[in-house]
Amino acid sequence: MTEKQPATTTEQHPDATVADVIVERLGDWSVDRVFGYSGDGVNGILEALKRTDGAIEFVQARHEENAAFMAVGQAKYAGGAGVVTSTQGPGAVHLLNGLYDAKLDRVPVVAIIGQQNRSVLGSGYMQEIDLRTLFADVGAQFITEVTTPGQVPMAIDRAFRTALDSRSPAVVIVPHDVQSAPAPELPHKHGIVTTSEEFATPLVHPSDTQLQSAAEVLNAGERIALLVGKGASMARDQVEAIADRLGAAIVTSLLGKPYVDEARPNAAGVMGHLGTTASAGVLTECDTLLIVGSNDPWTEFYPKPGQARAVQIDISAAHIANRYPVEVGLIGEASGTLTALLDLVDDKSDAEWAARVREHVSDWHRVSDERAAVPMEPINPEAAVRALSPHVPEDAQIAVDVGSVVYWYARQLHLPTDVPAHVSGTLASMGCSIPYGIAAKLAYSERPVIVLSGDGGMQMTGLAELVTVAARWESWADPRFVIAILNNRDLAEVSWEQRENEGMARFRQTQALPDVRYSEYANLLGLDGERVTDPDELDAAWQRGLSADRPFVLDIVTDPATPLVPPLAQASAKLDSMRTALESESGELGERARQLLEEYVRIEQGE
């Protein structure tokens, strides 16, 4: 049977332009929306999108940075490659933060960026920037500037294939005059590269010899811990099975948190500075570490080098032994590799270590319970996030911002199985949450979205993108879009970093934030919301937000003195620095922070 050859845009529309070819190619790659902000440098592409009559939706953000975050969110929540477009000059510069988020979290994004006409390049023309240099690092896996119409199909195809294969941004720069040129004919001759919209994910599997070597290391271990990252997103069952067989603790990276059931008695929670006491305990005591799909950079919170023998599973060879000395590296997809490994490892489920792991986890549950119950002025942020857990719908999607809010997400929010939750994990960029949430909602408008943000992230980008939410929500199948702002009027994470790392008192002029009435602003936009100042109202407020008939902003007023304390089993030396800094802080806030710090230490030590 002869395969049907797709008709070219030129054959279908004799007056078609290069921009039409670009947009048609996007459709061939199953792109259903493009995020961006308009500008003269991409007028041709925008006009071509218009001619699709909505087959490919243009999603207008309030800022190109947020559009790039939305493209990252599209890839994180829906899979495939997100697509963002912007004009040259300032529009292109604004894309960088979101594209670096994609690069560092290994997310495929294709950026299509306009440029001035070829005839003026090099003249210092208005908004002329050397885009190849600007994007050389963030688009290191693929960046090209289209200089002739015949390049376009190949450039788009290679951008998508490279983005999907390398899980990174790919950048295509298209000068304005190229966009408006007639759609090219592609004769079969020298100098013309003909490509197609095809990508196949490779099935990578380690050899039997490597698997046997890994099993020997694991079988020799007596105190085994798993460190599970987002690379295990499709291997939940296999992770749990091998952990149970080995009597092992399951620790997750921040990005791996959604892929492990934290109600399990061997689930020790998130690792790192924002992690749990249980994760710190098992990583301090383990003699063997199995890393599954994680490249978490918090290296000081791993076992000390030499303490634990290590096996690592990762689809990327470049990640093997990247964060910790590894004895056996298994290059392969997590689920298949774990399934093969499961048949080779000994049953240690009744070993003493398994009981010790359960003790660590049980004690962490006590610590998290008691910390959430500490009275604060007016609301304990740990209690605010903890109160959400029983109300999270089973089909929810969650977006988390960066700052102190991510600590309380990591430690206090229990996610139902298969509820995705995403954060700017490695770049750790404030302002990601509402753009992520918008992308999640556009991908699956029938599912409720919950956004967790601090007031820093909200003031940085969130207030602007509330306008986008207000402009779009009436078209959503399910209008529920709850934005919770933990409003402590402080850049709290940086305040505590100053105290911990520098021994410096909080610098109020740099850390204090204006007290914005977020729910009232939402009301001005036609949305719903309320300010919460009473901890007894948290449950009811979450219920109201998740049953509202429109997006709902919860302005939860929390205590800026709440300590951001790392697990003391791994970072007890940090306490002296914090105490020294707080001794030099005058005023009621400093005094309350001192008292709460000692209360948090007392709780962790079980006194």
Side-chain angles (χ1 to χ4, degrees), residues 273-277 366-387 403-412 430 453-459 485-518 531-538 555-607:
H273 193 285
L274 47 65
T276 69
T277 63
R366 175 195 63 80
V367 170
S368 62
D369 289 349
E370 292 184 20
R371 284 184 175 172
V374 173
M376 295 192 188
E377 298 181 13
I379 291 176
N380 182 333
E382 298 207 45
V385 176
R386 188 181 185 87
S404 59
V405 65
V406 81
Y407 281 70
W408 318 136
Y409 157 73
R411 294 175 175 177
Q412 293 290 356
M430 289 171 60
S453 177
D455 46 356
M458 193 66 186
Q459 291 181 23
I485 302 108
L486 302 185
N487 181 4
N488 61 12
R489 291 82 60 210
D490 190 62
L491 294 174
E493 182 174 16
V494 181
S495 292
W496 282 96
E497 285 173 341
Q498 289 174 340
R499 294 162 177 150
E500 176 185 330
N501 297 327
E502 319 301 336
M504 292 169 47
R506 172 179 176 267
F507 185 7
R508 188 192 67 78
Q509 287 88 342
T510 68
Q511 299 308 110
L513 292 174
D515 185 7
V516 175
R517 297 282 174 155
Y518 301 101
R531 173 169 273 213
V532 184
T533 58
D534 183 349
D536 292 335
E537 284 296 311
L538 286 169
D555 179 2
I556 303 174
V557 183
T558 61
D559 196 332
T562 310
L564 273 66
V565 184
L568 300 184
Q570 293 168 311
S572 59
K574 300 285 191 179
L575 280 177
D576 290 340
S577 181
M578 290 184 188
R579 287 166 171 154
T580 298
L582 288 169
E583 285 172 2
S584 64
E585 287 190 31
S586 60
E588 187 264 342
L589 178 60
E591 176 60 30
R592 196 164 70 253
R594 286 193 292 275
Q595 294 173 358
L596 288 173
L597 176 63
E598 298 307 327
E599 178 69 3
Y600 268 43
V601 172
R602 183 194 67 76
I603 290 171
E604 183 166 340
Q605 294 176 339
E607 297 175 359

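In what follows, every heavy atom counts, from backbone to side chain, and hydrogens, waters and symmetry copies are set aside. Only a predicted model underlies this, so the values are computations on that prediction, with no experimental measurement involved.
Of the inter-residue distances, the one linking T277 atom OG1 with L568 atom CG reads 9.0 Å to the nearest 0.5 angstrom. For the atom pair CD (Q498) and OG1 (T510), the distance works out to 5.0 Å, reported to the nearest 0.5 Å. Taken from CD in Q605 to CD1 in I603, the straight-line distance is 11.0 Å, to the nearest 0.5 Å. The structure places OG of S584 at 9.5 Å from CE of M504, a figure rounded to the nearest 0.5 Å. In this structure, CE in M578 is found 8.0 Å from CG in L564, a value given to the nearest 0.5 Å. Distance check, rounded to the nearest 0.5 Å: CG of N501 to NE2 of H273 gives 6.5 Å.
Contact detail for M376 and P381: the closest heavy-atom pair is SD-CD, 4.0 Å. Pairing each heavy atom of L596 with each of P375, the nearest pair is CD2-O, 4.3 Å. Here the shortest heavy-atom pairing between A384 and L486 reads CB-CD2, 4.0 Å. When all heavy atoms of T276 and P567 are compared, the pair lying nearest together is O-CG, 3.5 Å. For the residue pair S577 and E502, the shortest heavy atom distance occurs at OG-C, 4.3 Å. Taking both residues in full, the closest heavy atoms of A561 and R592 are given as CB-NE, 3.9 Å, listed atom of the first, atom of the second, then distance.
Between M458 and V516 the shortest side-chain heavy-atom distance does not fall below 4.5 Å. Using a 4.5 Å heavy-atom cutoff, the side chains of I556 and L538 are in contact. For the pair S404 and T562, the minimum side-chain heavy-atom distance is 4.5 Å or more. Side-chain contact between E500 and V565: absent, with no pair of heavy atoms (C-beta onward) separated by less than 4.5 Å. The shortest side-chain heavy-atom distance between V406 and L274 falls under the 4.5 Å cut-off. Counting heavy atoms from C-beta on, the side chains of N487 and R531 come closer than 4.5 Å. Within the 4.5 Å cutoff, the side chain of L597 has no heavy atoms near those of the R594 side chain.
D555 places no side-chain N or O within donor-acceptor distance of the main-chain N or O of R517, the cut-off being under 3.5 Å. Side chain of N380 to backbone of R371: a donor-acceptor contact under 3.5 angstrom is found. Looking at T558, its side chain never comes within 3.5 Å of a backbone N or O of I379 through a donor-acceptor pair.
Salt-bridge check for R506 with E585: failed, with every basic side-chain N at 4.0 Å or more from each acidic carboxylate O. Taking the charged nitrogens against the carboxylate oxygens, R579 and E598 do have a contact shorter than 4.0 Å, which makes a salt bridge.
Taking a 6.0 Å sphere around CZ of R366, one finds it holds more than 12 heavy atoms contributed by other residues, nucleotides or ligands.
In this model, no donor atom of one side chain and acceptor atom of the other lie less than 3.5 Å apart for E599 and Q595. In this structure, a donor-acceptor pair under 3.5 Å is present between the side chains of S495 and Q511.
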> Does the side chain to side chain contact (heavy atoms under 4.5 Å, CB included) test come out yes or no for Y600 and E382, once each step is laid out?
Replying inline: CA-CA 12 Å; Y600 268 43; E382 298 207 45; 2.7 Å; yes

